[in-house]
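Below, all heavy atoms of this structure are taken into account, side chains as well, without hydrogens, waters or symmetry copies. One-based numbering, in listed order, for ligands and for the atoms of each. The structure displayed is predicted, hence computed values, not measured ones.
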Amino acid sequence: MDYAQALEKLSAAGQEHAMRYYEELDDEQKALLLAQIEATDFTVLSSLQQGKRENERGDIKPLAAMQLTQIEEKEEDFRALGLDAIKKGKVGAVLLAGGMGTRLGSDEPKGVYNIGLTKEVFIFQRLIENLMDVVKEADAWVPLYVMTSDKNHEATVRFLKEHDYFGYNSAYVTFFMQEMAPACDHQGKVYLEEKWKISTSPNGNGGWYSSMYQWGAARKAMEDGVEWLNVFAVDNVLQRIADPCFVGAVLSGNYASGAKVVRKCAPDEKIGVICLEDGRPSIVEYYELTDELMNAKDENGDPAYYFGVILNYLFRIDDLEKIRERKLPLHIVEKKIPYLNEAGERVKPQAPNGYKFEQLVLDMIHELDGCLPFEVVREKEFAPIKNATGIDSVESARELCKKNGISL
Ligand SMILES: CC(=O)N[C@H]1[C@@H](OP(=O)(O)O)O[C@H](CO)[C@@H](O)[C@@H]1O
């Protein structure tokens with residue numbers, strides 16, 4: 001893309017200011033900026049300019065989960081079915097690791113964070129050790145796809161190589177990168193992070209399959225005979241991955257997808273709740289949950305929206321392929337975005353100064369025809385690390401690891 005084409009693209013989106021330092025740049029910087037303008041989808045910004053700040057939700061109703069007692073009754077059959085699929089190489093695992101450890105006070109990829117007390121225990125290591133349990137049980141490697149981002153790709157690949165993938169067979173590890181979306185001020189104008197670089201951030205965890213496809217990793221998975229993908233977050237160190245029982249339950253019910261859920265520990269716990277939206281499975285994220293939904297009760301007096309997702313989903317690739325071209329809703333999130341001011345100086349804002357645009361994995365569930373909410377024991381499977389201390393922190397996760405006999 002040359003200067004004139006870039007300017008035309010920017011003008012059409014009302015973003016000409018992104019080239020205001022162009023004349024000051026050297027040739028390499030000019031080329032970088034032009035390439036970024038070519039690659040960036042500015043149409044996401046129009047949702048803000050049209051004044052659409054929030055997702056409009058449909059008619060929300062409760063959705064029953066398959067509960068622990070029901071699972072226990074069929075556990076043996078589910079496990080056998082799941083293990084068979086894993087042995088045949090039909091189940092892959094997708095680690096969503098595009099994020100940084102910023103909230104933990106680290107400048108490194110989140111998975112590189114060491115939660116050990118007496119020895120090094122990195123988040124990535126914990127997750128790989130969990131997956132190894134299944135590899136041993138099935139006596140088969142589970143293909144592992146690791147999603148990184150522009151912010152952490154090299155550091156992640158280097159770290160895992162240096163640690164010899166914590167014993168995982170590297171022939172079964174594939175990396176792909178998450179796409180980025182521009183970040184803008186409250187008026188919808190993109191920020192610059194350098195004179196030659198527009199501020200961008202990872203486009204949310206809903207972009208994982210299209211990124212996996214664009215990088216050729218999805219095609220490779222299909223060619224290798226993978227039929228199901230277990231997507232999971234980097235931050236839950238008790239995460240059971242490619243869990244044979246969960247896989248078997250989803251397969252036996254012939255669902256397009258499954259979601260591991262836990263009973264919420266408080267009405268305002270920060271997890272998304274599984275529900276029906278206009279008759280289809282869906283998830284309302286915690287920051288979009290209204291007081292009415294939060295406090296609704298069922299006929300037994302229990303919370304009507306009791307089950308929250310732990311960001312561990314199983315998807316059938318055939319069904320993902322059907323929805324790959326569909327546009328997922330955009331969630332507009334207010335954030336602190338470092339930027340260059342009028343004088344060209346770098347500013348690290350203390351308060352939110354603009355928006356990032358994200359697609360969310362939970363919206364993929366709504367696009368699919370079916371989803372099995374599958375209850376798990378939270379003390380055994382849910383130890384998310386979001387903060388350094390307090391709720392959902394390194395500290396609380398360590399406690400839970402200890403209770404599960406994991407030495408740190
Ligand atoms: C978009 C998305 O997937 N959000 C997830 C994710 O939220 P965070 O904002 O990253 O804490 O993790 C939660 C579980 O820890 C899950 O309940 C929620 O739905």
Side-chain angles (χ1 to χ4, degrees), residues 54-55 57 60 63 65 94-104 109-111 113 123 126-127 147 149 178 181 201-209 211 229-241 257-275 277 281-289 293-294 303 305-315 328-335 352 356-368 371 373-376 378-388 390-394 396-397 400:
E54 233 139 294
N55 274 319
R57 305 296 309 217
I60 307 288
L63 170 63
V94 182
L95 167 54
L96 303 179
M100 305 293 284
T102 322
R103 278 205 271 167
L104 310 178
K110 194 159 190 179
Y113 194 82
I123 292 181
R126 276 269 57 256
L127 296 172
M147 184 174 83
S149 72
Q178 179 170 17
S201 67
N203 66 350
N205 61 13
W208 71 271
Y209 189 69
S211 302
L229 290 172
N230 181 198
V231 179
F232 63 100
V234 69
D235 63 13
N236 174 11
V237 288
L238 286 183
Q239 192 94 251
R240 303 308 306 167
I241 306 151
S257 67
K260 283 199 167 188
V261 295
V262 291
R263 256 162 237 254
K264 284 175 74 172
C265 65
D268 61 351
E269 187 183 1
K270 290 188 167 171
I271 56 179
V273 294
I274 192 120
C275 58
E277 180 177 357
S282 191
I283 290 146
V284 178
E285 195 58 323
Y286 53 90
Y287 53 80
E288 293 176 341
L289 193 69
L293 292 177
M294 200 186 287
Y305 300 92
Y306 213 169
F307 293 96
V309 291
I310 62 167
L311 223 179
N312 185 313
Y313 299 102
L314 189 68
F315 291 100
L328 291 176
L330 273 180
H331 295 249
I332 302 169
V333 198
E334 206 176 8
K335 293 259 169 101
K356 292 184 174 179
F357 298 84
E358 298 183 343
Q359 294 183 338
L360 305 184
V361 60
L362 40 87
D363 288 319
M364 292 169 88
I365 295 289
H366 188 54
E367 296 294 320
L368 297 169
C371 177
F374 179 90
E375 188 186 5
V376 299
R378 63 182 297 148
E379 291 74 23
K380 290 196 177 154
E381 299 205 21
F382 192 40
I385 299 182
K386 314 273 179 191
N387 310 302
I391 297 173
D392 296 344
S393 66
V394 180
S396 60
L400 285 162

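Comment: Lys386 engages Asp235 in a salt bridge, judged by a side-chain N to carboxylate O separation of less than 4.0 angstrom. Ion pair Lys335/Glu358 flagged as a salt bridge, since at least one NZ, NE, NH1 or NH2 atom sits closer than 4.0 Å to an Asp/Glu carboxylate oxygen. Taking a cutoff of 4.0 Å between a charged side-chain nitrogen and a carboxylate oxygen, Arg263 and Glu269 do not qualify as a salt bridge.
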Step-by-step side chain to side chain contact (heavy atoms under 4.5 Å, CB included) determination, Gln239 to Leu127: CA-CA 7 Å; Gln239 192 94 251; Leu127 296 172; 3.8 Å; yes
Evaluate the criterion side chain to side chain contact (heavy atoms under 4.5 Å, CB included) for residue pair Asn230 and Val94; output intermediate values, then yes/no. CA-CA 6 Å; Asn230 181 198; Val94 182; over 6 Å; no
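Side-chain polar atoms of Glu277 and Ser282 form a donor-acceptor pair below 3.5 angstrom.
Closer than 4.0 angstrom to ligand 1 lie heavy atoms from Asn205, Ile271, Gly272, Glu285, Tyr286, Val309, Leu311, Leu360, Val361, Leu362, Phe382, Lys386.
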